Structure formats: C-alpha cells, structure tokens
Number of protein chains: 2
Amino acid sequence: MTVRPKPRPQKRINDPEGMRKKVLDVAEVAFQARGYHASSLGDLMAAAGVSGGALHHHFPTKKALALAVIDERVAAAVEETWIAPVLVANTAREGVRAVFEAVAAELEQQGFVRGCPLNNLAHELSLADPDFRLALAGIFVGWRRAISDKLRADQQAGREEGTDPERFAALAVAAYSGAMSMAKTAQDASVLRDCLAGLERSALSPSQGGLAARRRRRVLLRPRTL
Amino acid sequence: MTVRPKPRPQKRINDPEGMRKKVLDVAEVAFQARGYHASSLGDLMAAAGVSGGALHHHFPTKKALALAVIDERVAAAVEETWIAPVLVANTAREGVRAVFEAVAAELEQQGFVRGCPLNNLAHELSLADPDFRLALAGIFVGWRRAISDKLRADQQAGREEGTDPERFAALAVAAYSGAMSMAKTAQDASVLRDCLAGLERSALSPSQGGLAARRRRRVLLRPRTL
DNA sequence: TATAAAACAGACCGGTTGTCCTGTTTTGTC
DNA sequence: GACAAAACAGGACAACCGGTCTGTTTTATA
C-alpha cells in the first residue's frame with residue numbers, strides 16, 4: 001500500500017472561461033445529437049465533469065445555456081460552414097456548390113449524419129419560446145443575407161444577372177436545410193448531391209453529369225457512440 | 001336542493017375506436033406543436049379526457065403512441081397535402097407549384113406557422129430511436145417517389161424531358177422542408193413563395209414576376225394559444 | 001495581509017414523468 | 001345467463017428533472 005501523506009489538500013485552479021467552454025462544448029454536442037429536451041443537465045454535468053454548482057454559476061437556467069449555445073456555437077457553425085466559404089468563393093453560385101459538396105463529402109467520410117445544428121434546434125425550440133425563436137431566426141437571416149449579398153456583388157460584376165438574389169438565397173438555404181433533414185432521417189448523404197444537381201442551372205440540360213457518377217447511395221452506420 | 005335518486009349508476013359505453021382516435025388526435029397536435037419530449041402523457045390524457053388506464057390499453061408506451069402517430073397521421077398528412085395534389089395535377093412541376101402556393105396561402109390565412117409535421121418529428125426523433133427513424137424515412141421515400149413517378153409520366157408524354165426525376169423530387173421536397181423550417185422559425189410564410197419562385201424555370205429569366213407582387217412580407221402572430 | 005467577490009462543490013427538494021398495477025365495467029360468445 | 005376477454009378507471013411508485021441552497025475554496029483588490 002502506498003502511503004498518502006496529505007489526505008487531499010490539492011490546490012484547485014479556478015478556470016471560469018475554460019469551464020464555461022467545457023460546458024458549451026458538451027451542450028452543443030448533446031443538443032444536436034439528442035435535442036434540448038432529451039438532454040438533461042445531469043447528463044451534461046457528467047459528460048463535462050462539472051459540478052452542479054459550477055454549471056449553475058455560469059448558466060443559471062437550462063434556457064440560458066441553450067441560448068448561449070445558439071448565440072455562440074450554432075451561429076459560429078453557420079458562419080464557418082456556410083458564410084465564410086461563400087464569401088471567399090468566386091461567385092455565390094460557386095460558393096453554394098462548394099459548400100454542398102464539402103458537406104456531402106464530409107458526411108460520407110465520417111459515415112454518420114447528425115443533421116444541421118441550426119435546423120435541429122429550430123424545429124424543437126422555435127415554438128417553445130420566443131427568445132429561442134428570435135435567436136434562431138436571426139441566424140437564418142444572416143445566413144440568407146450572406147448569400148444574397150454575394151450574388152448582388154456578382155451581378156455588379158456582370159454575372160448572374162437573371163437571378164433574383166433573395167430568391168436564390170432562400171432556395172439555397174431551404175434546399176440545404178431540407179436535404180440535411182432527409183439525409184439525417186435516411187442516414188444517407190447522397191440526397192445532398194441530388195439537391196445540388198437540381199439547384200444548378202444545368203438541371204435544365206438533359207444529360208449533363210450522367211447517372212454513373214451519382215449512383216453511390218449507401219446506408220451509413222454510426223462510427224462513435226455518443 | 002335537488003334530489004339525486006341514483007348516485008351514479010350511469011352506463012358506460014365502450015368505444016375503443018373512438019377513444020383511440022381521440023388520443024391520436026390530441027397526440028398529433030401536441031407532438032407537432034410542442035414536440036415529442038415536451039408533450040407529457042399527463043397533458044395528453046387531460047386534453048383528450050382519457051384515463052391513464054385507457055391510454056395504456058391502446059398504447060402501452062409513449063413510443064408506441066408516437067409510432068402510431070407517425071404511421072397513421074403524419075403519413076396521411078403528407079399523402080393529403082402533397083401526394084394527392086401532385087397526382088391530380090397536370091404535371092409534376094405544376095403539382096409542386098400548386099402545393100407550395102396552397103400551403104403558403106393557408107399559412108398566411110391562419111396567421112401561424114406550425115411547421116411540417118414530418119420534419120418536426122424527423123428532427124427530434126430520427127437519432128433518438130431506430131424505429132422512429134425508419135418510420136419517418138419511409139414517409140420521405142414515398143413522398144419523393146410520388147413526385148419522381150409523376151415526372152417520369154410527364155416525360156413519357158413528351159414533357160419535361162430535360163429534368164432528372166430523382167433530382168427534381170429531391171429538390172422539391174428539400175426546398176419545401178427547408179422553407180417550412182424557415183417559415184416556422186420566422187413565423188413568416190413568405191419564404192415559401194421565394195423558394196417556389198427559385199424552383200421554377202423562370203428563375204433564369206431576369207424580370208419575370210417583378211418585385212412588387214412579392215413584397216408582402218409580414219410578421220405573423222399566433223391566433224390561438226394551444 | 002484583510003476582505004469581499006467570484007468560482008466552485010455537493011447535497012437537497014418539490015414537482016413531474018412514464019409506467020405499472022389492481023380493480024371494475026362492458027361486451028362478445030357459447 | 002355464464003364466462004372470459006376486452007375496455008376502462010384510477011391510484012401508486014420509483015426514477016428523474018431542474019432549480020435552489022449552504023458551504024468551501026480561490027482570486028482579485030486594496
């Protein structure tokens with residue numbers, strides 16, 4: 001038996017920012033994977049290794065935690081996944097295509113579709129609480145505006161003159177959201193490529209890409225438990 | 001004081017089908033408005049005026065009730081709202097347009113967006129339970145197939161020859177699902193019309209409909225409490 | 001170093017949840 | 001009418017949830 005001279009006088013290090021981040025990390029994943037109502041604070045505390053007192057200190061209520069996740073994490077995810085890639089693309093249309101393909105490739109690689117963080121929470125919480133709804137609606141607005149602004153810039157450069165920016169942005173966001181919804185339910189990311197193909201102007205020309213490249217549907221199984 | 005000769009020997013009438021229907025009615029509304037996890041069986045029992053014993057007799061578990069709602073009500077809603085109108089339309093494209101416009105008009109009239117029943121439950125339950133996921137995925141498949149079959153029939157009649165049926169169906173369903181998601185979050189049905197306009201071929205022609213007819217956005221407030 | 005505030009720990013509580021259980025009434029069947 | 005099964009009523013219960021509470025430790029400030 002090893003001797004233990006000092007029972008437990010180990011120092012404790014206060015790391016409010018780190019602890020807050022740890023809670024947000026766990027909550028972000030749990031809210032997306034299981035949803036808001038299905039994620040109990042006990043689960044989050046255990047997963048994050050955080051005491052009840054600490055959790056309550058940083059987030060007085062569960063609602064406050066969810067609002068923080070929406071404002072800080074979901075908005076950032078949309079920014080990183082959609083807005084930034086669209087901004088750096090040559091045109092809005094190319095940006096949209098790039099995001100669709102990047103997400104499809106990522107989902108096929110990781111073999112599991114968790115769905116869109118924004119849409120997941122939007123469906124569950126929009127009607128549950130006005131604060132939730134407003135926070136989520138604002139993210140949608142920013143998402144669409146980034147695309148429509150980009151397309152307007154294209155038009156000032158003489159491209160895409162026949163496309164209405166608002167309509168294009170609305171359709172791009174809606175098609176992506178709906179495609180992710182189906183992909184999540186089917187656990188199959190191929191519907192993303194179907195929708196992208198339909199979004200392209202080339203959807204009007206008969207046999208543009210052919211069927212061979214598109215037919216690689218498969219059922220994906222979850223890689224990690226969570 | 002009025003005399004009450006017989007304390008309460010009133011007959012009871014067994015109506016298993018009616019009681020089951022009453023429970024499903026209430027559950028369908030509650031699951032859509034508040035979600036599955038946020039709807040307690042106590043709420044449903046109170047709303048339906050059903051005892052716990054009766055509820056448990058027809059639906060042994062909450063999951064069984066939800067599966068019944070999905071199989072019997074959500075599938076029927078998709079059938080009624082989407083599949084039937086598409087089948088009776090002249091073409092698949094006209095059917096899709098008709099549904100978009102009908103739903104948009106209905107939402108604007110009732111002034112409140114509850115969202116798509118299928119997508120609402122799909123987001124909350126797809127990852128929660130394999131049985132839920134499969135049931136919901138099947139409805140999506142039938143939905144898409146109805147559209148793609150219709151478009152294939154159009155093509156055999158010499159129309160829409162440049163459109164891929166699977167892609168068109170996937171995009172139509174995705175655009176609708178995503179648009180309903182945004183409409184629910186924003187409590188504004190106008191995004192449905194934006195997406196419909198983007199779906200039309202006419203999206204490629206510069207000023208086809210003009211802006212005046214489209215700019216009637218407004219924020220809708222809930223009419224009834226629920 | 002004195003002191004107050006911030007950060008954290010952990011127990012506790014009232015209310016709710018889904019399910020189960022026992023008992024009673026109705027209904028179909030011989 | 002006898003009888004078993006179905007239909008229904010309503011209470012009980014253990015588990016769980018979110019929030020609160022008290023107390024301790026760390027940290028910033030003076």
Side-chain angles (χ1 to χ4, degrees), chain A residues 6-28 30-31 33-70 121 124-125 128-129 131-132, chain B residues 6-28 30-31 33-70 121 124-125 128-129 131-132:
Chain A
K6 300 175 181 178
R8 273 303 172 87
Q10 328 174 335
K11 275 262 193 172
R12 189 188 79 194
I13 44 169
N14 280 2
D15 181 19
E17 296 179 11
M19 178 154 284
R20 187 186 140 90
K21 169 174 162 32
K22 219 178 352 180
V23 173
L24 283 177
D25 287 343
V26 169
E28 179 186 7
F31 286 167
R34 288 182 287 251
Y36 173 79
H37 288 104
S39 301
S40 76
L41 294 181
D43 295 341
L44 301 182
M45 283 163 48
V50 167
S51 71
L55 177 63
H56 178 263
H57 177 73
H58 291 281
F59 306 100
T61 65
K62 191 182 182 184
K63 172 180 171 178
L65 172 58
L67 281 175
V69 168
I70 292 171
L121 289 182
E124 188 180 3
L125 301 180
D129 189 293
D131 296 327
F132 285 147
Chain B
K6 300 175 181 178
R8 273 301 172 90
Q10 327 176 333
K11 276 263 193 171
R12 189 187 79 196
I13 43 167
N14 280 2
D15 181 18
E17 295 179 12
M19 179 155 283
R20 185 185 143 92
K21 169 174 162 31
K22 219 176 356 178
V23 173
L24 283 177
D25 287 342
V26 169
E28 179 186 6
F31 286 167
R34 288 183 287 257
Y36 173 80
H37 287 104
S39 301
S40 76
L41 294 181
D43 295 341
L44 301 182
M45 284 163 48
V50 167
S51 71
L55 176 64
H56 179 262
H57 177 73
H58 291 281
F59 307 99
T61 65
K62 190 182 182 184
K63 172 180 171 178
L65 172 59
L67 281 175
V69 168
I70 293 172
L121 289 181
E124 188 179 4
L125 301 179
D129 187 295
D131 296 326
F132 285 147

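Per chain, numbering begins at 1; letters A, B, ... match sequence-line order. Since this is a predicted model, take the numbers as computed values, not measurements.
Nearest heavy-atom pair, K22(A) versus V50(A), reported as atom, atom and distance to 0.1 Å: CE-CG2, 4.4 Å.
Inter-residue side-chain proximity for H37(A) and Y36(B) is flagged as unmet; no heavy-atom pair is nearer than 4.5 Å. Counting heavy atoms from C-beta outward, I70(A) and F31(A) have side chains that stay 4.5 Å or more apart.
If you take CE of M45(B) and P of dC20(C), they are 14 Å apart, rounded to a whole angstrom. In this structure, CZ of F59(B) is placed 13 Å from P of dT19(C), rounded to the nearest angstrom. Taking atom CG on L44(B) and atom P on dG18(C), their separation rounds to 8 Å, with Å as the unit. Distance L41(B) CG to dG18(C) P: 4 Å, rounded to the nearest Å. At whole-Å resolution of the value, NZ in K63(B) and C1' in dT19(C) are 15 Å apart. Straight-line distance from the CG atom of L55(B) to the C1' atom of dG10(D): 13 Å, rounded to whole Å. Atom NZ of K62(A) is separated from atom P of dG18(D) by 4 Å (rounded to the nearest Å).
Taking CD of E28(A) as the reference point, atom CG of L65(A) lies at 11.0 Å (rounded to 0.5 Å).
The side-chain hydrogen bond (donor to acceptor under 3.5 Å, both in side chains) pairs that include a residue from residues 59-69 of chain B are K63(B)-D129(B), K63(B)-D131(B), where partners are two or more places apart or lie in different chains. The stretch residues 38-53 of chain B participates, sequence neighbours left out, in these side-chain hydrogen bond (donor to acceptor under 3.5 Å, both in side chains) pairs: S40(B)-D43(B).
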Distances under 3.5 Å only, N/O to N/O: pair up the protein atoms with those of nucleotides 12-16 of chain C.
none

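Listed by chain and residue number, nothing satisfies the side chain to side chain contact (heavy atoms under 4.5 Å, CB included) test with A46(A) (two or more places apart in sequence, or in another chain). Every residue meeting the side chain to side chain contact (heavy atoms under 4.5 Å, CB included) condition with A47(A), not counting sequence neighbours, appears here in chain and number order: V26(A).
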What string of B, S and - do you get for nucleotides 2-9 of chain C, 5' to 3', when a contact is any protein heavy atom under 4.0 Å? -----BSB
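A distance-only check finds no donor-acceptor pair linking the side chain of E124(B) to the backbone of E124(A) [under 3.5 Å].
In this structure, H56(B) does not reach the dC8(D) phosphate: none of its side-chain N or O atoms is under 4.0 Å from OP1 or OP2.
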